[in-house]
Amino acid sequence: MLITKNNELSEVLKIVLDALKSAAKDTGHPFRFMSLATIHQQVPDIRYVVLRAMDAEGCLYFFTDYRTQKIGHIRANPDVALLFYDSEKGVQIRMQGTALVHRNNAVAEKFWMTVEGEAQKAYNPVLTPGTLISHPVEAYNWPENMGNSNFSVVQIVPSEFNVLQLDGMNHIRAKYVRNDDKWKMDWIAP
Ligand SMILES: Cc1cc2nc3c(=O)[nH]c(=O)nc-3n(C[C@H](O)[C@H](O)[C@H](O)COP(=O)(O)O)c2cc1C
């Protein structure tokens, strides 16, 4: 269990935000891989991304190649959802927010410094992600000098989230809605 019935709503908020902060640092944390949902031309899409950082304002960050479809989706509609699940603790977090794309700016530069060696390949394939190919090996092609021109950092500003703690028949569910710098907190029926 991550949270219990004895926790106050403010404690639950801190526990959840602390768990996400840990996941951004710990590669083995269950919240490290988050599902990112986007909407494009009224069609929903979803995929996993890696939670790379969380800042003091509660914004979450992941890295991607600017040429991926998800960037096109976000640029057309920045409304996104995130989903996390810790199967050992039986906790689900569902989050809504607005995504901002950083590329060729100070934020992207700062994070690019942390992407070393082989890891840079993820943002440098010669072929645009999603290109139709006749065999998988066609895609294993990178330039000799890898740059950061397509490296993008996506910042998600959460507007609302809810947490569900599974516990037999006594689940616990709480909802948090952001009002400027404060969170409106409520228990809700699971
Ligand atoms: C566990 C896992 C982690 C992933 N992390 C990332 C990531 O951090 N950034 C990313 O762009 N793609 C990541 N991917 C790949 C995406 O899920 C997706 O297949 C790819 O980015 C293309 O998505 P798009 O066409 O929706 O843009 C990850 C996939 C898995 C299975």
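Read the numbers this way: they start at 1 and go in the same order the structure lists the ligands and their atoms.
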- prompt: Which option out of Ile71, Val50, Asp65 puts a heavy atom nearest to atom 3 (C) of ligand 1?
  reply: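 That would be Val50.
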
Please report which non-hydrogen protein atom sits nearest to [atom], along with the residue it belongs to and the distance in Å to one decimal place.
{"atom": "atom 9 (N) of ligand 1", "answer": "Phe63 O, 2.8 Å"}
{"atom": "atom 18 (C) of ligand 1", "answer": "Arg47 CG, 4.0 Å"}
{"atom": "atom 20 (C) of ligand 1", "answer": "Lys70 NZ, 3.7 Å"}
{"atom": "atom 11 (O) of ligand 1", "answer": "Thr64 OG1, 2.6 Å"}

query: Does the N or O separation between Asp45 and ligand 1 drop below 3.5 Å for any pair?
result: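 N/O-N/O distance below 3.5 Å does not exist for this pair.
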
message: Measuring only between side-chain heavy atoms, which start at C-beta, is Ile156 closer than 4.5 Å to Val80?
response: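 With C-beta onward as the side chain, the pair touches.
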
query: So does Glu11 pair up with Lys14, basic N to acidic O under 4.0 Å?
result: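 Lys14 and Glu11: not salt-bridged.
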
Result of checking Arg47, Lys70, Gln69 against Thr64 for side chain to side chain donor-acceptor pair (under 3.5 Å):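 Result: among Arg47, Lys70, Gln69, Lys70 is the only option passing the side chain to side chain donor-acceptor pair (under 3.5 Å) with Thr64.
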
query: Judged by atom type as modelled, is there a donor-acceptor pair below 3.5 Å linking the side chain of Trp187 to the main-chain atoms of Ala174?
result: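 No, the answer is negative, given that no donor and acceptor are paired below the 3.5 Å cut-off.
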
message: Is the terminal nitrogen or CZ of Arg52 (NZ for Lys, CZ for Arg) located under 6.0 angstrom from the six-membered ring centre of Tyr61 and within 45° of that ring's axis?
response: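 That pair does not qualify as a cation-pi contact.
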
message: Looking at Asp181, I'd like to know if its CG atom is crowded, meaning that more than 12 non-hydrogen atoms belonging to other residues, nucleotides or ligands lie closer than 6.0 Å.
response: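 Incorrect, the count does not exceed 12.
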
query: Heavy-atom contacts under 4.0 Å between Tyr48 and ligand 1: side chain, backbone, both, or neither?
result: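 It is both parts that get close, each with some atom under 4.0 Å.
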
- prompt: Can you list the atoms of ligand 1 that are under 4.0 Å from a heavy atom of Val49?
  reply: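 Those qualifying, in numeric order: 4 (C), 5 (N), 6 (C), 7 (C), 8 (O), 9 (N).
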
